[in-house]
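The structure appears below as structure tokens.
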There are 2 protein chains.
Amino acid sequence: MVVPMARPASALRGHILESALHLFASGGYEATSLHDIATAVGCSKASLLYHFTSKDAILTELLTPAGEGLAALDTQLAPLDGREAAEAAVIGYVDLAMRFRREIKILFADIPGMTAHPAMGSIPGTVERLLDALAGRSTRTRDVVAAQMVLGAVFLAGASDVDVPAQELRDEMIRASLRTLRPDPGPERD
Amino acid sequence: MVVPMARPASALRGHILESALHLFASGGYEATSLHDIATAVGCSKASLLYHFTSKDAILTELLTPAGEGLAALDTQLAPLDGREAAEAAVIGYVDLAMRFRREIKILFADIPGMTAHPAMGSIPGTVERLLDALAGRSTRTRDVVAAQMVLGAVFLAGASDVDVPAQELRDEMIRASLRTLRPDPGPERD
DNA sequence: ACCATAACTGTCCGATCGGTCAGCTATGAC
DNA sequence: GTCATAGCTGACCGATCGGACAGTTATGGT
């Protein structure tokens, strides 16, 4: 049987992934056609489908590292609790967002269909657990909303084109996230 | 000449807008076909294009109120400065996000093509000014990043399906946003 | 020289999209 | 009755999509 398996690495293959990542991140997955990618790469559309079994296979290969990173964070956070969980979740999540900024942009552009993509593992459950960790395992409305906001804040701020060096952005996002999650420093205490 | 103008209100017209808003918000604009809308409404695809000049015209009618609301906030924030600007921006932005949760979901699902949609006015400039207000007119990295994060936080938390009553969600989002933007309360306050 | 295989492409295909158009039906004015 | 008009529809159109496939060229082992 001549099953078209994933072809081994080659010069063109790398160029395809590179161009596809760029196009997906800037224009979205659905809005980017195989023709667009082929034009950017400088090869034929059929050549793309020689190196990859489908358009989705290209996306999968691009998203897999990010999905694995998220899964690893999930595992790492599982045994932690309370403030420890929240802080580890913040740092881990921010680092993840920084490392996969372009991949996040792809997800961001096609949320509805993308969050269910197999390459990202079971997003719903993973995200739910990440939220739980960010909230320090608390179910109080205040903490749940704050966790949800940190999730969105880092997600969007990481994908945005803020004119700030990466290292600085990372540190500020961590600080701001912890500020968001920490109890109010007002007169009342709990 | 017989220019097909926007038809006046009618029962079916209302149902179309209602169904379209629901479908766009849950599945995204691009991913929702006229056939999908027609099926949901229970009429023919051609009937949609009798009441609306195009698919885009449906979207425009759905997004226009949100665009006007954003423009109004823009005007309201213009004369304010510093902490006053930041707090007014937070409250105004959160209220806007709450009022147009479903519309935001539409934008969220098709960011690349949607942020440039005429119905939302000149998004880039408006968002930039909103960010400036959120940062309290500061250009310090810390404040700029925090503002960007609040923007994303409210945007996503508002569009998410958190199981929290609207009023409570609004108040918590405002509190958390102010926490994010507020200067660090010294090394340790607790 | 021969040939198997890899790398690549031109061309075609079915599906689906947004949109057009001629025509059907119901209603109300005269 | 007659006629204009509003509301609505089935059938069709061109464009574009992802993908299939036969065929061409380049390469390296024997």
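Just so you know, these numbers come straight off a predicted model, no measurement behind them.
As a whole-Å value, the separation of A/Phe52 CZ from D/dA20 P is 15 Å. Rounded to whole angstrom, the span from the CG atom of B/Leu49 across to the P atom of D/dA11 amounts to 17 Å.
Note that the CG atom of B/Leu169 and the CD atom of A/Gln148 stand 9.0 Å from one another [nearest 0.5 Å].
A donor-acceptor pair shorter than 3.5 Å can be found between the side chains of B/Thr60 and B/Asp56. Between the side chains of A/Ser33 and A/Asp36, a donor-acceptor pair is found at a separation under 3.5 Å.
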query: In the 5'-to-3' direction, what one-character label does each nucleotide of nucleotides 8-17 of chain C receive under the scheme B = base within less than 4.0 Å of a protein heavy atom, S = sugar-phosphate only, - = no such atom?
result: BBB------S
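Scanning for salt bridge (Lys or Arg N to Asp or Glu O under 4.0 Å) contacts around A/Arg99 gives an empty result, with sequence neighbours left out.
Two residues are said to be in side-chain contact when any heavy atoms from C-beta on lie closer than 4.5 Å; A/Leu21 and A/Glu103 meet this criterion.
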